[in-house]
Visitor: 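Next up is a structure, given as structure tokens.
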Amino acid sequence: MPELPEVEVSRLGVSPHLINNTIANVIVRERRMRWPIPEEVSLVVGHKVNNVTRRAKYLLIETAVGSLVIHLGMSGKLRVIDASTPLIKHDHVDIVLNTGQCLRLNDPRRFGAVLFQAPDTQLGLLDNLGPEPLTEAFDESRLYTLSRDRKSPVKSFIMDNAVVVGVGNIYANEALFLSGIDPRRQAGRIGAERYKRLTHNIKQVLAKAIAQGGTTLKDFAQTDGKPGYFAQHLNVYGRKGEDCEVCSNPIQSKVIGQRNTFFCIHCQR
DNA sequence: CGTATGCCCTGCCAGC
DNA sequence: TGCTGGCAGGGCATAC
């Protein structure tokens, strides 16, 4: 389900319900996620949520005694509901608040994660992440500099979390289309000017998607239950065989790095 | 170090 | 209608 825009939309949706409220309970019904949910998540019970932040696609629910770190994987969904709301299938975790509401995690595939991070420490998972794409740390020279010896396809390169975080399959395809770059091209064989444009387009497409409430393909919902509206702006993702909006040639697809990839062979070089 | 592959899971859809 | 195969928005672990 989520790429960075969808995670950010989730963060924006849930944080007003959490911040400055106290966690009354953490209920784990299914511990078998990407990693087993550690017992330590209960340490936050009785403590106030100071902030809800995001690093890459990880959400951090911060308290004075540590943070809950949540990743939504492919199919995770968060909603804020009354704590007495009946359970549905795959409702694995509740973070119950003293307001009577709870943050409920539903994740059919269980590729997601709920972890605990002690104060003033950082989980190893967060150690080797590249810069946030929407900050100045992701500057216009970074892609060019890092790619010089890379032979892998540029699409795999921009989806590498050590290069820049948060660029998932949808937005990698879209940013490359907007930049006129063939996703199959070797990363090391693209020049500085084209990478500058690509950097700009990655930022643009992610920011626009956040503003539109994310992309709903099948089942992504904002925390208020509404779908995201970015899907109508997709130029190539999921459009195999359809006409390119720019040149009317059919959109092609090919698997790159185990992920389906969509592009216009005429517009992207 | 960079690169390629397997795998963790369930749900859904197309095709038979 | 029911079965099967393939595919899905992620990313870690492993092997080379």
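Basis for what follows: all heavy atoms, side chains included, without hydrogens, waters or symmetry-related copies. Chain A is the first sequence line, chain B the second, and so forth, proteins listed ahead of strands; every chain is numbered from 1.
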Visitor: Any side-chain donor paired with an acceptor under 3.5 Å for A:K57 and A:N161?
Guide: no
Visitor: Decide if the gap between the ring center of A:F230 and the ring center of A:Y237 is smaller than 6.0 angstrom.
Guide: no
Visitor: Have a look at A:R34 and say if it touches a base, only the backbone sugar-phosphate, or nothing, with a 4.0 Å heavy-atom cut-off.
Guide: base
Visitor: Round to a whole Å and report the spacing from CZ of A:R259 to C1' of C:dG6.
Guide: 15 Å
Visitor: Please report, rounded to the nearest Å, how far the P atom of C:dA13 is from the CH2 atom of A:W35.
Guide: 6 Å
Visitor: What's the CG-C1' distance between A:L234 and C:dG9, to the nearest Å?
Guide: 11 Å
Visitor: Using the side-chain heavy atoms of A:E6, tell me which of these nucleotides is nearest: B:dT10, C:dC12, C:dG9.
Guide: C:dG9
Visitor: Are OP1 or OP2 of C:dA8 and a side-chain N or O of A:N260 less than 4.0 angstrom apart?
Guide: yes
Visitor: Find the distance A:H92:NE2 to B:dT10:P and express it as a whole number of Å.
Guide: 9 Å
Visitor: Side chain of A:P108, heavy atoms from C-beta onward: which of B:dT3, B:dG11, C:dG11 has the nearest atom to it?
Guide: B:dG11
Visitor: Please check the phosphate of B:dC9 (OP1 and OP2 only) for any side-chain N or O of A:R32 closer than 4.0 Å.
Guide: no
Visitor: Would you say a side-chain N or O of A:Y237 is under 4.0 Å from OP1 or OP2 of C:dA8?
Guide: no
Visitor: How close or far is atom C1' of C:dG9 from atom CE of A:M159, stated in whole angstroms?
Guide: 9 Å
Visitor: Judged by each residue's nearest nucleotide on DNA chain B, which is more toward the 5′ side, A:H90 or A:G257?
Guide: A:G257
Visitor: Pairing check on C:dT4: which nucleotide meets the Watson-Crick or G-U wobble criteria with it, both distances under 3.5 Å?
Guide: B:dA14
Visitor: In whole Å, what separates the P atom of C:dC3 from that of B:dC9?
Guide: 24 Å
Visitor: Are any of A:R150's side-chain N or O atoms less than 4.0 Å away from OP1 or OP2 of B:dT3?
Guide: yes
Visitor: Can a salt bridge be assigned to the pair A:K203 and A:E140 using a cut-off of 4.0 Å between side-chain N and carboxylate O?
Guide: no
Visitor: Going by an N to O cut-off under 4.0 Å, is there a salt bridge joining A:R104 and A:D94?
Guide: yes
Visitor: Can you figure out which of C:dG11, B:dC8, B:dT3 approaches the side chain of A:H71 most closely?
Guide: C:dG11
Visitor: How many Å lie between CG on A:N128 and C1' on C:dC12, as a whole number?
Guide: 12 Å
